Amino acid sequence: MIRVSNLAFRYSPSVPIRFPDFSVARGQHFLLLGDSGSGKTTLLHLVGGLLRNYEGSVSVDNTELATLSETALDAFRGRKIGFVFQRNHLLSALSVEQNLMMSPYLAGLPIDAGRITDVLATLGLADKRNSRVNTLSQGQAQRVAIARAVLNKPAIIFADEPTSALDDKNCGRVISLLLEAASQHESTLIIATHDQRLKSHLTHQIQLTA
Amino acid sequence: MTLFTLVWSYLKARPLNTAINIILLSLGIAVVTLLLLFNTQLEQKITDNARGIDLVVGAKGSPLQLILCNIFHVDFPTGNIKLKEAEKIARNRLVKRAIPLALGDSYQTYRIVGTSRDYADLYKGELAQGEWWDHPLDVTLGANVQSLTQLKIGDTFASSHGLTTSGDDHKDHLYQVKGVLKKNNTVLDNIILTAVESIWEVHEHADTATHAHETRDSLAMPSRLVPSVAANDSVKEVTSLLLQYRSPMGAIQLPRLVNAQSSLQAASPAFETARLFSILGVGADIIMAFAYVLIVISGLSIFIALYNSLKERRYDMAIMRSMGATRTKLFVSVLLEGGVLTGMGSAIGLLMGHGVLVLLNTLVEETQKAGIGGMVFYPQEWIILGGSLLLGLLCALIPAIQAYRTDISKVLASN
């Protein structure tokens with residue numbers, strides 16, 4: 001599903017950040033570990049197609065990302081990849097339901113109200129459907145973000161520090177929801193984190209060193 | 001979910017900001033619309049009323065007053081001229097048509113105009129009911145006069161001197177209503193038409209009136225302007241003479257000919273109304289400039305609002321990109337936001353402009369008399385609408401370019 005080889009990225013021309021080679025099979029769940037500043041987020045953005053102009057090779061679903069145009073990459077992201085970020089970054093002007101609708105809308109997929117109902121029910125958010133996102137608690141908001149990421153049944157889910165802002169109880173809940181949602185659609189799940197609490201949940205791990 | 005619902009949600013999320021931007025713009029647009037409606041209708045009215053009249057001849061005084069009084073019936077007469085002198089001018093070979101006007105009295109502020117049938121023909125006046133005036137003291141009412149005074153055919157009334165409502169000065173001479181004209185949106189709507197002789201009869205002493213009939217000489221040529229009196233009658237007076245030239249030569253020779261006589265002056269409606277507009281125009285220009293300042297400020301305010309809200313929405317933009325939104329889509333969404341703001345502002349402004357005039361029309365009788373209404377639409381309003389949409393796009397352009405350039409990775413990584 002994902003194959004990375006000889007990958008390097010330069011924020012400034014003189015200092016390349018190099019990444020270890022690795023590959024992830026379809027449906028596998030990986031933990032991307034490393035201290036702050038070790039390049040976890042950069043790697044995630046590279047593999048997720050948010051960051052371009054890399055050296056080496058990043059192949060996702062048998063597509064070398066560098067060969068895609070900006071617009072093609074946008075479409076690729078929209079259909080194949082779901083993102084969960086540390087701060088949930090829901091669109092504050094919209095309701096929970098509208099936030100979820102954005103996912104298929106922006107990816108150019110048909111909006112399926114039934115699918116939204118299912119996902120909200122699975123994540124225990126059925127009664128929050130029409131709430132405004134700024135009335136949600138942090139844990140609820142993170143669950144909405146997960147719902148949004150899995151709504152299009154993406155092949156890959158990238159989570160960047162999804163739990164570091166949460167307490168133990170919510171952390172456990174969010175990680176098991178992520179794993180559950182990923183397994184349900186056989187999505188590949190990659191979680192970048194320095195949160196040691198997650199180590200016990202996922203066995204496959206990639207360690208980055210600064 | 002469409003781009004519009006997204007944009008609308010963002011606008012709704014900042015209700016005060018959105019409202020102030022829309023209000024600012026709509027105020028500016030309303031003033032522009034109001035001026036457009038008012039000026040265009042007024043100009044239209046004035047040219048309509050002055051059409052067919054090439055020159056007004058009256059007593060010496062202000063030429064503008066002569067025009068205002070004798071064409072639009074809004075000012076007082078400059079004085080009277082001798083019928084004999086008017087007759088001379090009317091007989092000039094360069095004059096195609098000459099219409100005498102005898103003014104001075106009114107009924108409930110509606111002016112009584114002593115004239116010939118030519119005057120009604122000039123404005124293509126048609127009878128709605130009854131008949132034309134025939135004998136002295138018969139009158140035919142304009143449509144607005146009838147509807148506002150509620151006079152009926154056969155009713156009699158006494159006129160008062162000048163244009164005031166106070167006191168019936170001529171109780172011993174009662175006018176009788178013979179007919180009512182159809183409304184035709186000219187000055188005819190607001191006046192009372194009668195024969196020139198009526199005015200004489202009301203104002204002269206009874207004995208001279210009879211005297212006039214007695215002295216009528218069968219050998220004397222009848223006056224061309226008022227056939228009931230002799231052409232060389234030295235007593236009778238009229239207020240003015242409306243002239244139509246036979247050829248363009250008239251425009252060159254007649255004014256000079258008239259002005260050379262010590263007691264007469266000639267005024268050209270075209271020239272005087274142009275002068276009037278240039279005087280009024282200064283005021284209108286200042287209001288217009290004020291409206292444009294309002295519009296520019298609202299444009300600036302929209303720009304600032306979009307610019308600031310975009311700073312707050314950098315993450316939203318990046319998130320949308322991560323979900324597959326193209327850069328073009330974000331660019332268009334910001335432009336749309338500017339367009340929706342100014343579109344709504346100008347639509348509300350146009351409505352307000354028309355609304356104010358409709359309101360004015362019901363509250364102020366004068367605008368109704370002038371025939372200026374709010375339910376008139378001009379193609380220029382499309383220009384206002386299009387122009388303000390363009391303004392919106394212009395104000396949204398820089399924020400939209402910023403949205404287009406959002407560096408997703410950098411924004412998302414900078415928690």
Side-chain angles (χ1 to χ4, degrees), chain A residues 9 11 39-42 44-46 48-53 69-95 97-109 111 132-134 145 148-149 151-152 154 158 160-161 164-165, chain B residues 1-19 21 305-306 308-334 336-338 340-341 396 399 401 403-415:
Chain A
F9 184 81
Y11 280 108
K40 296 189 302 289
T41 300
T42 306
L44 212 60
H45 285 185
L46 284 168
L50 297 172
L51 204 54
R52 310 182 72 195
N53 302 325
S69 72
E70 179 100 27
T71 316
L73 193 60
D74 289 332
F76 186 83
R77 266 201 313 272
R79 283 157 198 259
K80 300 235 159 141
I81 301 171
F83 290 95
V84 178
F85 299 99
Q86 175 179 6
R87 286 210 332 227
N88 40 70
H89 297 325
L90 298 173
L91 306 180
S92 56
L94 304 179
S95 70
E97 182 181 26
Q98 285 173 319
N99 260 283
L100 296 190
M101 282 155 94
M102 287 304 283
S103 186
Y105 167 68
L106 291 176
L109 300 169
I111 294 168
R132 298 196 48 93
V133 293
N134 48 22
R148 188 175 64 186
L151 197 74
N152 289 349
F158 290 112
D160 191 3
E161 303 280 9
S164 54
Chain B
M1 180 56 63
T2 60
L3 211 53
F4 183 80
T5 40
L6 178 69
V7 165
W8 185 238
S9 304
Y10 273 116
L11 288 175
K12 262 197 336 201
R14 293 170 287 131
L16 289 180
N17 236 316
T18 304
N21 283 327
L306 287 177
N308 279 337
S309 83
L310 230 69
K311 260 196 280 181
E312 294 161 17
R313 269 152 55 186
R314 278 165 68 236
Y315 285 109
D316 288 18
M317 293 283 174
I319 289 284
M320 284 193 259
R321 287 294 308 279
S322 82
M323 287 197 285
T326 59
R327 298 201 287 186
T328 321
K329 198 159 217 159
L330 299 190
F331 181 78
V332 171
S333 84
V334 178
L336 189 64
E337 198 164 331
V340 167
L341 273 176
I401 290 172
Y404 185 85
R405 285 190 183 152
T406 305
D407 184 338
I408 333 170
S409 173
K410 205 169 158 189
V411 172
L412 289 175
S414 65
N415 268 322

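Naming: A, B, ... by sequence-line order, numbering from 1 per chain. Just so it is clear, the structure is predicted and the values come from calculations on it, not from any experiment.
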Chain B contact via Ser92(A) - which portion, at a heavy-atom distance below 4.5 Å: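 Contact with chain B is through both the backbone and side chain of Ser92(A).
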Interface moiety of Tyr105(A) toward chain B, non-hydrogen atoms closer than 4.5 Å: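 Both backbone and side chain.
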Top contributor to chain A contacts, counting heavy-atom pairs under 4.5 Å, from Ser9(B), Ala13(B), Ser409(B):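 The residue among Ser9(B), Ala13(B), Ser409(B) with the greatest pair count is Ser409(B).
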Side-chain (Asp74(A)) to main-chain (Gly324(B)) donor-acceptor, under 3.5 angstrom: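 Side chain of Asp74(A) to backbone of Gly324(B), a donor-acceptor pair under 3.5 Å: no, none is there.
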Polar side-chain atom of Glu312(B) near backbone of Ser309(B) as donor-acceptor pair, under 3.5 Å: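 Pair absent, no side-chain N/O of Glu312(B) close to backbone of Ser309(B).
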Between Leu91(A), Thr71(A), Leu44(A), Thr41(A), the one whose heavy-atom pairs under 4.5 Å with chain B are most numerous: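 Looking at each of Leu91(A), Thr71(A), Leu44(A), Thr41(A) in turn, Leu91(A) comes out on top.
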Choice from Leu106(A), Ile111(A), Leu94(A), Asn152(A) maximising heavy atom contacts with chain B below 4.5 Å: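 Of the candidates given, the most pairs with chain B belong to Leu106(A).
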side-chain contact (heavy atoms from CB on, under 4.5 Å) between Thr326(B) and Arg321(B), intermediate numbers included: CA-CA 6 Å; Thr326(B) 59; Arg321(B) 287 294 308 279; 5.8 Å; no
Shortest non-hydrogen contact between Ala107(A) and Gly78(A), atoms and distance: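 Closest approach of Ala107(A) to Gly78(A): CB-O, 3.3 Å.
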Closest non-hydrogen atom pair between Val340(B) and Phe4(B), with its separation: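 For Val340(B) and Phe4(B), the tightest heavy-atom pair comes out as CG2-CE1, 3.6 Å.
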Atom group of Arg327(B) that falls short of 4.5 Å from chain A, counting heavy atoms: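 Arg327(B) touches chain A through backbone and side-chain heavy atoms alike.
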Under 4.5 Å from any heavy atom of chain A - which part of Leu11(B):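 It is neither, since no heavy atom gets under 4.5 Å.
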Carboxylate-amine/guanidinium proximity below 4.0 Å for Glu70(A) and Arg77(A):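 No.
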